Amino acid sequence: MNQQTDILQGLNEQQAEAVLLNEGPFLVLAGAGSGKTRVLTHRIVHLIVEKQADPASILGVTFTNKAAREMKTRLEKLIPPNSSNRLWIGTFHGICNRLLRTEIHRLNLGGLKWTKNFVIFDTTESLSILKETLKVLNLDEKVYTPKAIQSKISALKNQALGPIEFSKKITDNFELKLSEIYDKYQEKLNFNNALDFDDLLLFSLKLFEGDSECRKYYHERFKHILVDEFQDTNQTQYDLLKMLLTHPDNSVQNWQARSFCAVGDIDQSIYSWRGANYRLTLNLQKDFPSTQLIKLEYNYRSVDPILEVANSVISNNKQRIDKKLLGTKGSGEKITCFEASDEVEEANFITAEIKRLKSKNQNLNEIAVLYRTNAQSRAIEEALIKGQIAYKLVGGVRFYDRLEIKDIVSYLRLIFNSKDSNALKRVINSPRRGIGPSTIAQVEEKAETMGSSLYSALADLLDEGGLGPRVIASIHSFVEVIDYLIKQSDIVPVPDLVRLVLEKTGYLIALQDSDKEEAEGRLENIYELLNVAQQFHEESEDKTLGAFLAQIALASDLDNLKDSDSEAVTLLTIHSSKGLEYPFVFLTGLEEGIFPNSRALGDSPNSTDDLEEERRLLYVAITRAEKKLFLTYARNRRLWGKKEYSEPSRFLKEMPETHLTGFWGSSVKSPSGKGLPPVKNSSESSFYSKREAEAKENKKNAAPQEPKFKVGDRVQHKSFGLGRVLSLFGSKNQKFYSIEFDGADGKKLLSGDSLHLVES
DNA sequence: CGGGCGGCTCTTTTT
DNA sequence: GAGCCGCCCG
């Protein structure tokens, strides 16, 4: 067998075409589960093995670090040894970081320069310097809320607008102020020799715009560019790609001959709030008329009912290119719906179903629970803990956001880039050295007058009077330790440096001596950080401190998700689940206000767009499931600590009822049997609100309900016939039973009202 | 200087 | 219900 057929083995016609096309830009519209990752991997293998492409000439952009790592691992097995480390594969942010680490000195942004030992500020850190900025500008935080300003600036950066470009587009007073803040904020970042997330992209673009030599070098180098999840590209990323694809001397023309492969699915565009713009995908052919189009419509992941429901839901969107997922897995179980009285019952149902799956020898790693917002995980976690089901939670508090880890990392950052005043302020009194806010204020003042960094202002302050002898001694020994560590950082590998930090700063001793309850957990986390450092040193290509810090800054919780780990159910938001697949999926909280989220239901001019994005999100969620999907919602939910009534999601009625089963919308099924009646207007008095009023009334009067049946009882239902009780759920006032009916496939979930006991 | 307490706002999603 | 901020007291 020759290599050509080998590479194409197992690919369908369209997939093979996408692998083999070698000239001109082309767009692969790849539906969920259509094997696009395979296409990308095989294409790279084809380029290297068949076309003798230099691995260093290939640039692959993925959406997550995890996807990048997986792709690299797969490639290592398929291409010649030692060639994989010459490929550039990563997220836009990761790639831009790599680029700027070597080229940032060429960049000049309105007189501001950065050096290659820049640090990356995460959202929290950039918020804190933004607050400083507002203070300096004497702006009221009540009027200019830092969070809102932060997202405005982020939006600008994602539209390729730097402070200078934006200042030319100002139309009103608010924008004028915003522009001032933006300027000052960038100055602050510069003072720290720091970039925020969005700057990684924007600065890379500005670099190419301002330095055609540099642009030419990378244009000529990256002969083959592949971009995954193209629908979630923002303007800045798009412009950046254009920079690489076109030659500085002859603009658009030679784009047409470039090997450029964009893979995406407009129906899975779910990051518009981060500046992503799926219209860029729609416009690709308009921008570049020679762009060829390949559609991948065969789905190799899910059974038919799941695909039917997904197709049906997404067809309600107006803004899309028509396509359907075509099944290859055949028929399968219907989708089970469950209406819970509240979030506790919902969680109990999920736990019980998971137990059942486990009893049928399903591995817990095959199960995922999805939700719209992170806050929803809480109730589910509690139920799983009670039910003794192991779970892994993605999101929530990131490992690197923990206090002790941030402390140690801040030390490392200060060592790497002594201009990082955020890091300095964080560590200077941790462990306690008696250097408090008033001293820091003096340091800041000193730095201001000297025009220097906080760290060098420390040394200047020592020479002056005005500080007590105790503080002087503290600062003196602090500076001594940091200076020593800075010297060591050039000599010793990262894991050793981390150990030195723990030891020389007194951090470890202070923690060990602490009799606080949480100290033990913190120590464990610190040991885990040491493990991370060790692993980094063994596996990373670039073993420098800078690379370590960048890895930490760009790491997401998702990156640590390994299926091979211990056996556990995965809990994650729908956003985080993009690109993943699980045999069994629970999609929870299908309620108006939760999903679709209330933010998407407002009367803003964008609300139609927002609702369509919610629908795409639902489409993503549904298509994660391979074998079996569960949909749940709760009639009451604790929100901001308050109980709220909610109506079932409007999306439920967009699903063909023939593919659904279970107990859902109990009395809300319309007489026609066509699923839920239309939710016209959530504020309108409707069927739902009447039912809510009833429920409220019942609740008031109801004594705690005793279960009518127990597990194993024979029961009768007027339309389903005879069955047996498998399990029971419910709150104090409401009980539900899972019933297996004789001769029927699957089980039904019903309330006691419609059942009669036949035999105990 | 540091810890503790009370009041305030807020949650959509993440590189 | 939680995290953040500011205020007060030891």
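First the proteins, then the strands, lettered A, B, ... as listed; each starts at 1. In this text, all values refer to a predicted model and were calculated from it rather than measured experimentally.
- Note on A:R433: every side-chain N or O is 4.0 Å or more away from OP1 and OP2 of B:dC1.
- Under a cut-off of 6.0 angstrom, the local environment of CD1 in A:I509 is sparse, with at most 12 non-hydrogen atoms contributed by other residues, nucleotides or ligands.
- Using cut-offs of 30° and 60° for the angle between ring planes, the A:F63 and A:Y271 rings count as tilted.
- Taking only distance into account, the side chain of A:R274 never meets the base of B:dT13 through a donor-acceptor pair shorter than 3.5 Å.
- In this model, no donor atom of one side chain and acceptor atom of the other lie less than 3.5 Å apart for A:S128 and A:E125.
- The phosphate of B:dT14 (OP1 or OP2) has a side-chain N or O of A:S576 nearer than 4.0 angstrom.
- Distances were taken from every side-chain heavy atom of A:T439 (C-beta onward) to each of B:dT14, B:dT15, B:dC1; the shortest belongs to B:dC1.
- Across B:dT15, B:dG2, C:dC5, the shortest atom-to-atom separation from the side chain of A:T91 is found for B:dT15.
- Each of B:dG2, B:dT15, B:dT12 was ranked by its minimum atom distance to the side chain of A:N429; first place goes to B:dG2.
- Separating the C1' atom of C:dC4 from that of B:dT13 is a span of 22 Å, rounded to the nearest Å.
- Considering only the side chain of A:T373, B:dT13 comes nearest among B:dT15, C:dC4, B:dT13.
- In the set B:dT15, B:dT11, B:dT13, the nucleotide with an atom closest to the side chain of A:A375 is B:dT11.
- The shortest distance between the side-chain N/O atoms of A:K131 and the OP1/OP2 oxygens of C:dC4 is not below 4.0 Å.
- Of the candidates A:R637, A:R650, A:R372, A:R637 is the only one forming a salt bridge (Lys or Arg N to Asp or Glu O under 4.0 Å) with A:E591.
- Of the listed nucleotides (B:dC1, C:dA2, B:dT11), B:dC1 has the atom at the smallest distance from the side chain of A:S438.
- Among the heavy atoms of the strands, none lies under 4.0 Å from A:K578.
- Ranking B:dT14, B:dT11, B:dT12 by closeness to the A:T573 side chain, first place goes to B:dT14.
- Using bins of under 30°, 30° to 60° and over 60° for the plane-to-plane angle, the ring pair A:Y411/A:Y507 lands in the perpendicular bin.
- Among the protein residues, A:R638 comes within range of no part of the nucleic acid, since none of its heavy atoms lies under 4.0 Å from any strand.
- The aromatic rings of A:W114 and A:F203 sit perpendicular, their planes meeting at an angle over 60°, well past the 30° parallel limit.
- Whole-Å rounding puts the A:Q376 CD to B:dT11 C1' distance at 11 Å.
- Nearest-nucleotide positions on DNA chain B place A:R432 closer to the 5' end than the other of A:A555 and A:R432.
- No hydrogens or angles were tested; on distance alone, a donor-acceptor pair under 3.5 Å links the side chain of A:W273 to the base of B:dT13.
- Within the nucleic acid shown, A:Y271 comes within 4.0 Å of sugar-phosphate atoms alone, with no base atom in reach, counting heavy atoms only.
- Using a 4.0 Å heavy-atom distance criterion, A:D198 is classed as making no nucleic acid contact.
- Minimum atom distance to the side chain of A:R378 is reached by C:dA2, of the listed B:dC1, C:dA2, B:dT15.
- Checking the phosphate oxygens (OP1, OP2) of B:dT14, a side-chain nitrogen or oxygen of A:N374 falls inside 4.0 Å.
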